[in-house]
Enquirer: 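The structure's right below; bear with me while I get my questions together.
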Amino acid sequence: MYFEILALGAVIVAALQFTKVIDVNKLIDDNKVYFKRFKEDDYDFLVRAKYGEGVDPDFLFGKRVRDGLLSTVVLLTVFINNLSYLYVLAAVIVGFVVFKMGYSSLKKYYNAHLHEIDSLLPHYLKGLEILIQHYTVPVALGKSIDSAPEIFKKGLRQMIAEINAGDSSINPYMSFAKTYPVRDSMRMMRLLYRLGLGKQERKQEQLLTFSRSISSLQQKARETRYKERLDKMENKTMSMLIATGAGTMILLIFAVLQMMNM
């Protein structure tokens, strides 16, 4: 009976949405300023890390809000005959959990591909280092966009636009680092900014420091990747040993029982 009521509630909500008696999308658009307060700081970055620049983070966030609201409304419809503060609270909690599931999924993907995503920055900076040997930092940044990882392209265009608009402070570099909070992004953007400020006679010295920092990042990425592979091999070896030991014990017990029955 419970599932029938739940299905009926879902049908009623869908019908109201279809006939525009209630319009969840309009509700979200009208109050998006308030809903965005619940948006996680790293949400845009996680969306770009998983889907690239082809997906609008705000669109996916709107879908999360809509799914959470619809889940709450469906539960309130189910409990309509016995509505109480406890049921309202339960419906709100379920809606919030549904809302958070989209973020949790992105976070899980990021953690599973953490080392791969973190390795993108030193890979990009290594190519940028070669360009900086021949051009100023802003020009080198502009020329690096085509060969940059897809995840960084939008942020690079924004940073270059701010620099070309006359912002000679560190802010464009820090905005990029905050948009893409991969490992050591803040430190590397500070070094890049200082390299852009340096006088021509000190450029080679600063470029050498910049190059060493990139090499250090690449070494960290390699060590982390090797450690991850080693851990996987150790886990597989341990699983094989446990399976072999358990199989041997079962065979021994079976042999002893056979001997006792003889």
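It should be emphasised that the depicted structure is a prediction, and the values quoted were computed from it without experimental measurement. For the single chain, residues carry numbers from 1 onward in sequence order.
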Enquirer: Checking K153 now: which residues fulfil salt bridge (Lys or Arg N to Asp or Glu O under 4.0 Å) with it, not counting sequence neighbours?
Expert: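 K153: salt bridge (Lys or Arg N to Asp or Glu O under 4.0 Å) contacts with E150.
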
Enquirer: Does any pair with a residue in residues 136-148 pass salt bridge (Lys or Arg N to Asp or Glu O under 4.0 Å), and if so which ones, sequence neighbours excluded?
Expert: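 Residue pairs passing salt bridge (Lys or Arg N to Asp or Glu O under 4.0 Å), neighbours aside: none found.
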
Enquirer: With a 4.5 Å heavy-atom cut-off, do T72 and V94 have their side chains touching?
Expert: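 No; the side chains remain at least 4.5 Å from each other.
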
Enquirer: Taking all heavy atoms of M189 and all of A177, pick out the closest pair and write down the distance.
Expert: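 Closest pair (atom of M189, atom of A177, distance): CG-CB, 3.8 Å.
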
Enquirer: Going by salt bridge (Lys or Arg N to Asp or Glu O under 4.0 Å), name the residues that satisfy it together with K178, two or more places apart in sequence or in a different chain.
Expert: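 Per chain and number, K178 pairs via salt bridge (Lys or Arg N to Asp or Glu O under 4.0 Å) with no residue.
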
Enquirer: Among residues at least two apart in sequence or on other chains, which ones pass side-chain hydrogen bond (donor to acceptor under 3.5 Å, both in side chains) with N164?
Expert: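 Not a single residue meets the side-chain hydrogen bond (donor to acceptor under 3.5 Å, both in side chains) criterion with N164.
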
Enquirer: Considering residues at least two apart in sequence or located in another chain, which fulfil the side chain to side chain contact (heavy atoms under 4.5 Å, CB included) criterion with K126?
Expert: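 For K126, the residues satisfying side chain to side chain contact (heavy atoms under 4.5 Å, CB included) (neighbours in sequence not counted) are E129, S211, I214, S215, Q218.
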
Enquirer: Using every non-hydrogen atom in the two residues, find where R187 and S213 come nearest and quote the distance to one decimal.
Expert: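 What the structure gives for the nearest pair is NH1-OG, 3.6 Å.
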
Enquirer: Could I get the full list of side chain to side chain contact (heavy atoms under 4.5 Å, CB included) partners for F96, not counting sequence neighbours?
Expert: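 For F96 the side chain to side chain contact (heavy atoms under 4.5 Å, CB included) partners, ignoring immediate neighbours, are F99, K100.
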
Enquirer: Could you please spell out the steps behind the side-chain contact (heavy atoms from CB on, under 4.5 Å) verdict for V137 and Y173?
Expert: CA-CA 11 Å; V137 170; Y173 298 86; 3.8 Å; yes

Enquirer: Is there a side-chain contact between Y193 and N171 in this structure, where contact means two heavy atoms from C-beta onward sitting under 4.5 Å apart?
Expert: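 No, too far: nothing below the 4.5 Å cut-off.
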
Enquirer: Apply side-chain contact (heavy atoms from CB on, under 4.5 Å) to Y43 and L60, showing your working.
Expert: CA-CA 10 Å; Y43 181 72; L60 288 185; 3.3 Å; yes

Enquirer: Can you sort out the partners of R190 under salt bridge (Lys or Arg N to Asp or Glu O under 4.0 Å), two or more places apart, ordered by chain and number?
Expert: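 R190 satisfies salt bridge (Lys or Arg N to Asp or Glu O under 4.0 Å) with no other residue.
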
Enquirer: Can you sort out the partners of A140 under side chain to side chain contact (heavy atoms under 4.5 Å, CB included), two or more places apart, ordered by chain and number?
Expert: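 A140 satisfies side chain to side chain contact (heavy atoms under 4.5 Å, CB included) with L128, L131, I132, Y135 once adjacent residues are dropped.
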
Enquirer: Could you pull out all residues at least two apart from D42 that satisfy side-chain hydrogen bond (donor to acceptor under 3.5 Å, both in side chains)?
Expert: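 For D42, the residues satisfying side-chain hydrogen bond (donor to acceptor under 3.5 Å, both in side chains) (neighbours in sequence not counted) are Y103, K107.
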
Enquirer: Could I get the full list of side-chain hydrogen bond (donor to acceptor under 3.5 Å, both in side chains) partners for D58, not counting sequence neighbours?
Expert: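 Result, side-chain hydrogen bond (donor to acceptor under 3.5 Å, both in side chains) vs D58: K39.
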
Enquirer: Residues two or more places apart in sequence or in another chain: which of them pass side chain to side chain contact (heavy atoms under 4.5 Å, CB included) with P149?
Expert: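 Residues passing side chain to side chain contact (heavy atoms under 4.5 Å, CB included) with P149: L120, Y124, I151, F152.
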
Enquirer: With a 4.5 Å cut-off on side-chain heavy atoms, are I163 and L141 touching?
Expert: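 L141 vs I163: side chains touch.
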
Enquirer: side-chain contact (heavy atoms from CB on, under 4.5 Å) between V65 and F38: does it pass, once the steps are laid out?
Expert: CA-CA 9 Å; V65 173; F38 297 97; over 6 Å; no

Enquirer: Any side-chain heavy atom of F61 sitting closer than 4.5 Å to one from D56?
Expert: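 Side-chain contact under 4.5 Å: no.
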
Enquirer: Is the backbone of M101 close enough, under 3.5 Å, to the side chain of S105 for a donor and an acceptor to pair up by distance?
Expert: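 Pair absent, no side-chain N/O of S105 close to backbone of M101.
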
Enquirer: Heavy atoms, side chains only, cut-off 4.5 Å: are F176 and L156 in contact?
Expert: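 They are in contact (side-chain heavy atoms under 4.5 Å apart), so the answer is yes.
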
